[in-house]
Amino acid sequence: MATECKDYEPATIEARWQDYWATEKTFRAVNFSDKPRYYVLDMFPYPSGTGLHVGHPLGYIATDVFARYKRMRNFNVLHPMGFDAFGLPAEQFAVEHGVHPRVTTEKNIENMVRQLKRLGLSYDWDRAVATTDPGYYKWTQWIFLQLYNSWFDPDANRARPIAELIDLLEAEKLLVSADRRSLAPGTASEPATPKAPATRHSWNELSASEQREVLARHRLAYIAEVPVNWCPALGTVLANEEVTNDGRSERGNHPVYQRPLKQWMLRITAYARRLEDDLALVDWPQPIKLMQHNWIGRSEGALVEFSLEASDAPALSVFTTRPDTLFGATYMVLAPEHPLVDTLTTPEQREAVTAYQAKAAARTERERQAEDKTKTGVFTGAFAVNPVNNERIPVWIADYVLTGYGTGAIMAVPAHDERDFEFAKQFELPIRAVVMPDDTWLRDQAAKLPGEVAGAIEHLRSTYAENPSEFPNAFTGEGVNLNSANDEVSLNDRPSGEARAAITAWLESKGLGRAQVQYKLRDWLFSRQRYWGEPFPILHGPDGEIVPVEEKDLPVELPEMEDFRPDGSDDPNAAPRPPLGRAPESWRCVERDGVRYQRELNTMPQWAGSCWYYLRFCDPGNDERFVDTDAESYWMSAGNAEGQARNGGVDLYVGGAEHAVLHLLYARFWHKVLYDLGHVSSPEPFGRLFNQGYIQAYYYEDERGARVPAEDVVDQDGRPAEQVQDEPGRRFFHDGKPVIQQYGKMGKSLKNAVTPDHVCEEDGADALRTYLMFLGPLEAMKTWNTQGIEGISRFLKRVWREFIDRDGNRNPRILEGPETNPEILRVLHQTIKKVGEDVEGLRLNTAVSQMMIFVNHLQKADTFSIDTGKAFLRLLAPFAPHLAEELWERLGERPSVCRAPWPEHDPAMLETETVKVVFQVNGKYRGDAQVGKTADRETVLAAAKEQPKVAAQLEGKTVRKVIYVPGRILNIVAS
RNA sequence: GCCCGGAUGGCGGAAUGGUAGACGCUGCGGACUUAAAAUCCGUUCCUUGCAAAAGGGUGAGGGUUCGAGUCCCUCUCCGGGCACCA
């Protein structure tokens, strides 16, 4: 069985055991077992053409160590791997090389599987999935239809089948508002009177197309014409999450333009509250929770109605977090795209307004950024009425107010909002103080003024109250109100919080406003104008009706096409034309009951497939369902065993932090919908999340700033750069020309990738695995240093020699029978304890250190017991599994060591007769001694005073105090 | 600008408020060898000192404590996220 190697030959040993694991299916996970379950998941990769570099498997190896450990702890472990294979790069590569994306994708997957297997990762390969398999994306389409056929019931705070909404509407338990945008409870429609036209309608009075419109406004998947991020260079639209903060595409860094387009949207905003609240249910790194928290962007405030002076216009609704400053609202601003702009603009101002709107539309986000600072805007000519004091205030438009947030309109309180303050100064609008700042703020501000407004604090206060515009900044903090009273309510002298509550209550009583929670999160733009993605299971009828493809007709497969290129363009005004528009007519057109339907021509974004793959792994071959209910619940429901997810979801999910608001937010949203509809058993998909850090490496740039391959760089003595990169005084050259050493994330673009294949060949997979774990804390950024692996290689060779002599036989130093060397016994049990605890906490670097310490002890002993050897091999097995298997069998055990139980440490073995107590004088180390475990203070103090160093320090001093921590330290305070 | 995270030898890093630098890399010295590689032994924070030893030292400055890398305050630098979100 085992190899015949005399020396440690990783290549031979590793090939042998990888073969064994594959044949024996050692890592097969079975659904249902008496053992407790454990689900360990990696974020599955995109199978790129360049394959893996050593940074990629960092997380995979960590989860592998953990999965192997958990198996030895008697868990039934699910540890799968798959491929997120739809998406732009495959398509772009395919276009460049004229090959079908399916061909390149399959080739890339094959190569990546080979690389991963070479690392000895203990995946259950029988469960591997690719999002591009029709058998997989059938269910991605099915889940989309679940979204399409559901609505979010705000009262139940969950999704429900759309059929239930229709029932409620038909029974007139819900009525439709006049604009058909919202629903309200009611038992009968209010009869219309000449004075008050009906505000609500019964569903049954609506036409079929009106009914469709009502439903569309509530479905979780819907088509809407909204301003979207259009990227002409990529020929597709992008989600907010895919656009960088300077208005460019995250992929490719192309300019992105805002333009209104009809697109598929997913109503993720309905879940804003639960996505926020349920972060409390999961064990995730705090920074990731914070990033999601910020992205969701909950803010509490009030919705306030401002009536317009022109009586026929509807009221202007604004959202504010500071209703307490309402008395300071001296003008209003609408976003240039606000729907009411046209209605309320006066003829005199129309030209200026239209010009401003055109200018705003033409500017990209990036241009808005660049101009920054200076506020622009135009007066519409209209006036609104401030509901608290009936003051007539002008209505402006300006691009500092965004369409997509709140109502797209604001009340401007220039005294207490920095942006409004700037705008008001720019256009000489009135600024009224309604909150008195604290004295510190007033003094700080006075200090910034050129003249001397300074003086007594009373003077500053009265100046502020009368003329806040004399100060350089707006006061945006909280304080006590002033200038804030009408006949019915006064906020004066009340603190901001109280003022907010008071004015909100007043507004509510008057029907002028109400408390409101607002989210920054927007609906998820879900269609892309690309070929290589999941087709929508949707048909469009001749009258514009939308018909979902029936479940039995799924999947809607991608058509075979010769030319699948996107219609990219540099012209931001060119209309998007999805490649599927050029698909054969036989695919595009479907006839049902004599009606000709057109297939939806957009495809889903790359994130779709990754939103639910962790569920498919529970039951990957199922043709009947996306996942078997029992299998899902076995792997995903809440668990009580050691380390299992308390509230359900994947027990351990490891991946990079770059997915904080994309994949992780989208997947949570889909999961919650499936949960609401009763398809999954846990409220959250990922119970425990861990972010591994990046691997960084040196890279080299020539004088033009172009990167050169790091592997070809040498120093002034002609030695390869990778061997001398940390030595001082090195200068680097490529092709004889000087280059500069830099430092950054390992990857193709910096030309500093080191492949695992290369390292496996040189040192073996076991060395690479152990080295990557040893490098530092899993979550930290780490530097790849090829030299460092040498230490791990030596360690593994040493392990080999401890067990195998030069003739390839069992080392005669290994004795039968239990361990007799107390020193070895003690260190062994220390090691069992520390390695177990460290692996459990993913502190894999210190676990490796401890194993090294153990082997250093072993090496110094003349002999050791076979029991000791076997215990150690089990600790080593998760890290260096091939070597552990080989030695395990050579010690006469049956493979596989993966199935051997994890050793238990005996606390009694860690106890010693005496303990070391450190002696300090005035907090400084002056010696130590072994003392009895129960030694009392006086005994230890006496022992300390006997030590010459301690005595010398005490000479001529009086002992003031003695601190004794039993078994640890004795500190004598003397002066 | 706001919000997170970080800073420890030549390098990666380790340290329940209790001997800072475990473990490893590199460097230096030695053994084995005709020689080299491999392996093994020793050594490697800084300053003074032949040594024994003493003093200093965890980005900077202050504080709490018998005792601070660790806790608190202020600042500097680096990394990440968000950014006219009303």
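First the proteins, then the strands, lettered A, B, ... as listed; each starts at 1. Just so it is clear, the structure is predicted and the values come from calculations on it, not from any experiment. All values below come from the heavy atoms of this structure, side chains included, with hydrogens, waters and symmetry mates left out.
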C25(B) phosphate, OP1 or OP2, under 4.0 Å from R794(A) side-chain N/O
yes

Does a nitrogen or oxygen in the side chain of K782(A) sit under 4.0 Å from OP1 or OP2 of G12(B)?
no

For the side chain of [X], starting at C-beta, report the closest nucleotide among [options].
X: L290(A); options: C4(B), G79(B), G18(B); answer: C4(B)
X: N971(A); options: C84(B), G24(B), G18(B); answer: G18(B)
X: T846(A); options: A14(B), C82(B), C23(B); answer: A14(B)
X: L775(A); options: G12(B), G24(B), C66(B); answer: G12(B)

Whole-Å distance separating the CD1 atom of I789(A) from the C1' atom of C11(B)
16 Å

Tell me whether the side-chain N or O atoms of Q920(A) pair up with the base of G18(B) as donor and acceptor below 3.5 Å, since no angle test is needed here.
yes

Side-chain donor/acceptor contact of R968(A) with base of U16(B) under 3.5 Å:
yes

Can a side-chain donor-acceptor contact be found between R298(A) and Y519(A) if the only test is distance below 3.5 angstrom?
yes

Give one of base, sugar-phosphate or nothing for R926(A), where a contact means two heavy atoms less than 4.0 Å apart.
sugar-phosphate

Judged by nearest nucleotide, the residue sitting upstream toward the 5' end of RNA chain B, N845(A) or R806(A), is N845(A)

